There are 2 protein chains.
Amino acid sequence: MKMPANSSGSTLTSANPVEVGEKNRLINPELWQACAGPLVNLPAAGTHVVYFPQGHSEQVAASMKKDVDAQIPSYPNLQSKLFCILHKITLHADTETDEVYAQMTLQPVPSFDREALLRSDLLMKAHKPQTEFFCKTLTASDTSTHGGFSVPRRAAEKIFPPLDFNMQPPAQELVARDLHDNVWTFRHIYRGQPKRHLLTTGWSLFVSGKRLFAGDSVFLIYNLYYRDEKQQLLLGIRRANRQPANLSSSVLSSDSMHIGVLAAAAHAAANNSTFTGFNNQGKNDHIFILQRPSEFVIPLAKYYKAVCSNQISLGMRFRMLFETEESGTRRYMGTITGISDLDGVRWKNSQWRNLQVGWDEATAGERRNRVSIWELSPFDNIFKRTMPWLGEDMSMKDPGGLSLAQWMNMQQNPSMANQIQPGYLNSLAGSVLQNYGGPQMLTQNNLQFNSLNSQRSTSQLDQLQKLPQPATTSPLAMMMQPQQITDLTQQTVRQN
Amino acid sequence: MKMPANSSGSTLTSANPVEVGEKNRLINPELWQACAGPLVNLPAAGTHVVYFPQGHSEQVAASMKKDVDAQIPSYPNLQSKLFCILHKITLHADTETDEVYAQMTLQPVPSFDREALLRSDLLMKAHKPQTEFFCKTLTASDTSTHGGFSVPRRAAEKIFPPLDFNMQPPAQELVARDLHDNVWTFRHIYRGQPKRHLLTTGWSLFVSGKRLFAGDSVFLIYNLYYRDEKQQLLLGIRRANRQPANLSSSVLSSDSMHIGVLAAAAHAAANNSTFTGFNNQGKNDHIFILQRPSEFVIPLAKYYKAVCSNQISLGMRFRMLFETEESGTRRYMGTITGISDLDGVRWKNSQWRNLQVGWDEATAGERRNRVSIWELSPFDNIFKRTMPWLGEDMSMKDPGGLSLAQWMNMQQNPSMANQIQPGYLNSLAGSVLQNYGGPQMLTQNNLQFNSLNSQRSTSQLDQLQKLPQPATTSPLAMMMQPQQITDLTQQTVRQN
DNA sequence: GTGTCGGCTTTTCGCCGACAA
DNA sequence: TTGTCGGCGAAAAGCCGACAC
């Protein structure tokens with residue numbers, strides 16, 4: 001598959017993580033993550049995900065600044081959610097705007113087994129970027145031509161190489177790389193009264209080259225994993241008004257884009273029934289490719305835990321994570337005020353943003369009034385009682401709890417411990433969602449019992465969980481390397 | 001229908017040509033045409049066209065820099081060409097790049113009658129822009145920050161208001177508008193030794209604002225039809241490497257775009273059979289919208305004349321128009337070396353670029369080796385014998401010849417004179433194209449006999465042909481105003 | 001700790017005719 | 001007829017500490 005010409009790409013699909021084409025540069029995953037923000041949690045290649053075409057359709061409509069209207073044909077055989085294997089995930093950044101996005105290659109699957117769930121959970125975990133990282137929102141002085149960039153003290157001390165304070169004034173040359181591997185050179189000087197860190201020569205070229213304005217943000221990252229000291233500094237940007245890619249309307253009409261999204265998914269789902277191997281005589285019509293999938297492609301384990309654990313009811317209290325101005329996270333509290341289809345005609349009984357919510361704080365106007373169940377952090381502790389290994393933020397940070405594998409083994413019902421039963425997720429969901437279910441969901445999702453794995457223990461997966469990670473490899477890059485997934489029945493797990 | 005947010009739009013769909021929304025400014029058709037180049041000939045709203053989804057698919061592939069590959073499902077019911085009514089055509093220009101494109105709203109039709117053909121022919125004619133118009137390719141000096149713009153003498157004298165040569169030096173302020181109605185102000189001065197016309201103050205803002213480089217072109221137009229003298233100057237650009245809109249790959253995957261193109265057309269064609277009126281309970285699923293359609297949407301009359309007139313055979317000599325550097329046209333001569341499907345699997349027996357050609361001149365490397373029949377100007381005169389009203393360039397410039405209507409009336413066979421018979425075009429095509437036809441084309445095109453118009457004479461259309469055009473209205477804008485098309489059977493032709 | 005400003009130097013911009021192609 | 005250049009004055013960029021919040 002060729003890469004789109006106007007983006008840098010980081011392909012993380014083979015055992016060898018460095019796959020370099022001419023224009024196909026490897027994007028640094030930490031920098032990508034910093035620019036994407038802390039709420040974006042990408043699933044790992046080789047794991048299972050849940051894809052919501054409704055969300056995809058919404059995204060297309062938003063980026064075309066157009067409502068979804070009646071021209072779009074209905075795809076009656078297209079479910080509101082598709083369980084898929086994520087074959088490949090690549091990171092990208094628009095060459096014009098530096099906007100970051102991912103590309104995923106998905107294959108719909110009629111069923112998944114217990115190990116798929118465990119694998120998804122396992123590779124979703126160790127996710128916090130451990131890189132030194134700093135974010136600053138640019139001021140008017142930073143972006144004017146009158147001067148340079150005022151570096152926050154903590155950022156300079158944590159990220160930059162130490163200055164030689166014997167110099168008068170102390171100064172050095174810094175070299176930083178952006179997402180496209182472009183090199184930017186700056187003069188870093190410590191001067192003024194009171195003393196402060198500044199970037200002077202070179203800074204204005206960066207501002208004009210990236211077309212930055214006051215209010216936009218820059219990310220400074222100290223990249224632990226580069227051997228070459230000169231290449232340890234990374235530099236990313238994020239624009240103030242994160243325009244949802246309003247570009248591109250000139251190639252295809254909005255309706256055609258909509259139809260393309262839905263037809264591609266429906267086609268892949270339909271052809272999956274005849275799928276026998278990854279290379280089906282060169283015709284890969286059981287797969288489809290998504291751009292910018294981060295909102296509507298959910299790691300299977302995240303979805304699973306949300307549906308199984310969150311007992312949704314009217315009036316339920318919950319918390320939800322939002323991003324702060326400093327690129328951190330903050331919880332806001334709210335109450336579920338309704339459960340209803342966002343689009344009762346096209347997407348009946350869809351879980352996509354079917355929860356209507358109210359927010360506690362007065363500034364709630366900025367926050368959405370419809371959310372999906374996997375976005376919630378539950379407020380009560382029903383769910384900690386049933387799934388004790390989970391922390392409140394569902395990041396499984398509680399080391400004293402049980403692992404998902406242990407918990408599943410603990411269950412009395414052996415079939416539940418060893419595989420997902422047909423309709424299991426749906427019956428769970430149906431029991432807790434008032435407005436959920438009906439026979440349509442059960443038949444559409446068509447979860448099939450896969451007996452191939454029912455005899456095996458989880459010991460090998462437990463070993464995988466304990467594998468030491470090489471210190472010279474980025475944990476995030478590590479996470480995104482696919483395991484051997486094409487033949488799960490052989491339980492081959494490679495260790496690089 | 002909302003307009004894409006990143007483009008200015010000129011809507012030419014109502015009897016009143018000025019339809020102004022907030023961001024929906026009217027694009028000047030002469031300026032648009034100058035920027036598009038002399039080879040682009042748009043059909044008029046309300047006329048019939050032939051749409052080649054294969055060409056559309058090619059365009060999408062090219063703009064994504066990707067080959068058409070096997071992921072795309074086949075749409076067995078989608079013909080290689082669709083006869084359509086062009087309901088609406090709007091002119092656009094990308095706000096970022098100023099690249100011009102059109103948007104068309106099409107409705108597939110199972111049949112068309114004789115008047116549709118005549119109307120298409122009629123509104124295709126008076127097309128030569130009669131506006132004063134000049135094009136210059138920018139030099140290094142023009143685009144450097146060291147100086148201004150050197151105006152070619154003829155351009156200054158023909159396009160600019162006359163200078164007061166009593167001044168020392170003669171100078172004035174010029175105000176020009178671009179495609180987006182942005183105003184640019186320049187100082188025009190006549191100085192130097194030898195004397196020459198220059199644009200100085202204001203020019204560099206234009207160069208940097210439009211991001212122009214040496215090799216790009218500017219178009220200066222004196223707009224006859226603006227009353228306000230200050231607004232008579234129009235200013236367009238065209239970039240040297242006309243990138244085929246390589247943008248936009250970040251919203252949708254290439255495959256989804258492809259599928260969207262084909263599925264939208266197939267859906268509209270299928271739903272057309274149930275179509276009863278223009279507003280079908282608010283569901284317009286018998287129409288579809290194309291972006292950038294100029295290459296693969298052909299005016300019906302142009303297609304018709306090419307298929308009926310050009311006797312294609314191996315070794316046939318022909319000429320074909322190409323654009324020159326100065327935005328004029330030039331004919332190149334060539335020979336037909338083969339007739340074969342460009343894509344024999346997906347698009348069997350398609351007329352889209354099914355002619356393989358060789359070029360006489362050594363510089364032929366730049367020219368395509370596959371063309372479609374409607375791109376040819378025939379070299380021999382077989383075709384002038386059969387259709388004497390046509391000039392060699394098929395522009396019907398020969399006033400001494402017969403009009404299409406007269407010629408049709410002249411024919412012995414009255415049914416041929418008054419309407420297009422079922423399968424008529426195909427049987428004609430089949431008789432001249434070696435590799436053409438088979439029962440598939442005949443049934444797919446499904447040309448139906450429309451008897452409603454068979455009793456009427458052509459006198460009213462002949463009158464329309466002779467209507468004087470108001471001097472204050474642009475002929476091109478005139479051409480693009482739709483006639484009353486929704487009920488052809490009433491033969492209502494309005495005169496504004 | 002850091003955002004903005006006045007003062008001042010350095011660099012670039014941009015108008016001019018000379019000259020040549 | 002018009003593309004490029006050196007000269008030169010004007011304007012903008014850009015480095016500095018002062019000062020304030």
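Just so it is clear: chains get the letters A, B, ... in the order the sequence lines come, proteins before strands, and each one is counted from 1. Please read all numbers here as calculations on a predicted model, not as lab measurements.
B:Ser141 comes within 4.0 angstrom of a nucleotide base, judged by non-hydrogen atoms across all strands. Nucleic acid contact class of A:Lys136 (heavy atoms, under 4.0 Å, all strands): sugar-phosphate only. Here B:Arg196 lies in heavy-atom contact (under 4.0 Å) with a base. Using a 4.0 Å heavy-atom distance criterion, B:Thr145 is classed as a base contact.
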For this session: Show your reasoning for whether side chain to side chain contact (heavy atoms under 4.5 Å, CB included) applies to B:Arg238 and B:Ser327.
Result: CA-CA 10 Å; B:Arg238 187 195 290 170; B:Ser327 197; 4.2 Å; yes

Problem set entry | Verdict with reasoning, B:Arg330 to B:Glu361, per salt bridge (Lys or Arg N to Asp or Glu O under 4.0 Å) | CA-CA 13 Å; B:Arg330 198 207 128 162; B:Glu361 295 182 40; 2.3 Å; yes

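Residues B:Gly192 and A:Gln193 both approach DNA chain C. Their nearest nucleotides, taken by heavy-atom distance, put A:Gln193 toward the 5′ side. Nearer to the 5' terminus of DNA chain D, by closest-nucleotide assignment, is the contact made by A:Arg191 (compared with the other of A:Arg191 and A:Pro194).
Applying a 4.0 Å cut-off to non-hydrogen atoms, the residues of residues 199-207 of chain A that approach DNA chain D are A:Thr200, A:Thr201, A:Ser204, listed by residue number. Non-hydrogen atoms lying under 4.0 Å from DNA chain C are contributed by nothing in residues 164-171 of chain B.
With hydrogens and angles ignored, no donor-acceptor pair closer than 3.5 Å exists between the side chain of B:His146 and the base of D:dG3.
With a heavy-atom cut-off of 4.0 Å to chain B, the contacted part of DNA chain C has its first and last nucleotide at C:dC13 to C:dA20.
Going from atom CG of A:Asp142 over to atom P of D:dC15 covers 13 Å, rounded to whole Å. Spacing between atom CZ of B:Arg154 and atom P of D:dT1 amounts to 12 Å, rounded to whole angstrom units.
With hydrogens and angles disregarded, no donor-acceptor distance shorter than 3.5 Å links the side chain of B:Glu30 to the backbone of B:Ala34. Of the possible polar contacts, none joining the B:Asp94 side chain to the B:Asp98 backbone as a donor-acceptor pair under 3.5 Å is found.
Each of A:Thr137, A:Thr143, A:Asp142 was checked for a side-chain hydrogen bond (donor to acceptor under 3.5 Å, both in side chains) with A:Thr139, and the lone residue meeting it is A:Asp142.
A distance of 6.0 Å or more separates the ring centres of B:Phe160 and B:Tyr222.
In this structure, B:Arg367 forms a cation-pi arrangement with B:Phe322, its terminal cationic atom sitting closer than 6.0 Å to the ring centre and no more than 45° off the ring axis. Geometrically, B:Lys158 does not engage B:Phe133 in a cation-pi contact, judged by NZ or CZ lying under 6.0 Å from the ring centre and within 45° of the ring axis. Geometrically, A:Arg211 does not engage A:Phe213 in a cation-pi contact, judged by NZ or CZ lying under 6.0 Å from the ring centre and within 45° of the ring axis. In this structure, B:Lys136 fails the cation-pi test against B:Phe219, since its NZ or CZ atom is not both closer than 6.0 Å to the six-membered ring centre and inside 45 degrees of the ring normal.
Using a 4.0 Å cut-off between a side-chain N of Lys or Arg and a carboxylate O of Asp or Glu, B:Lys210 and B:Asp178 qualify as a salt bridge.
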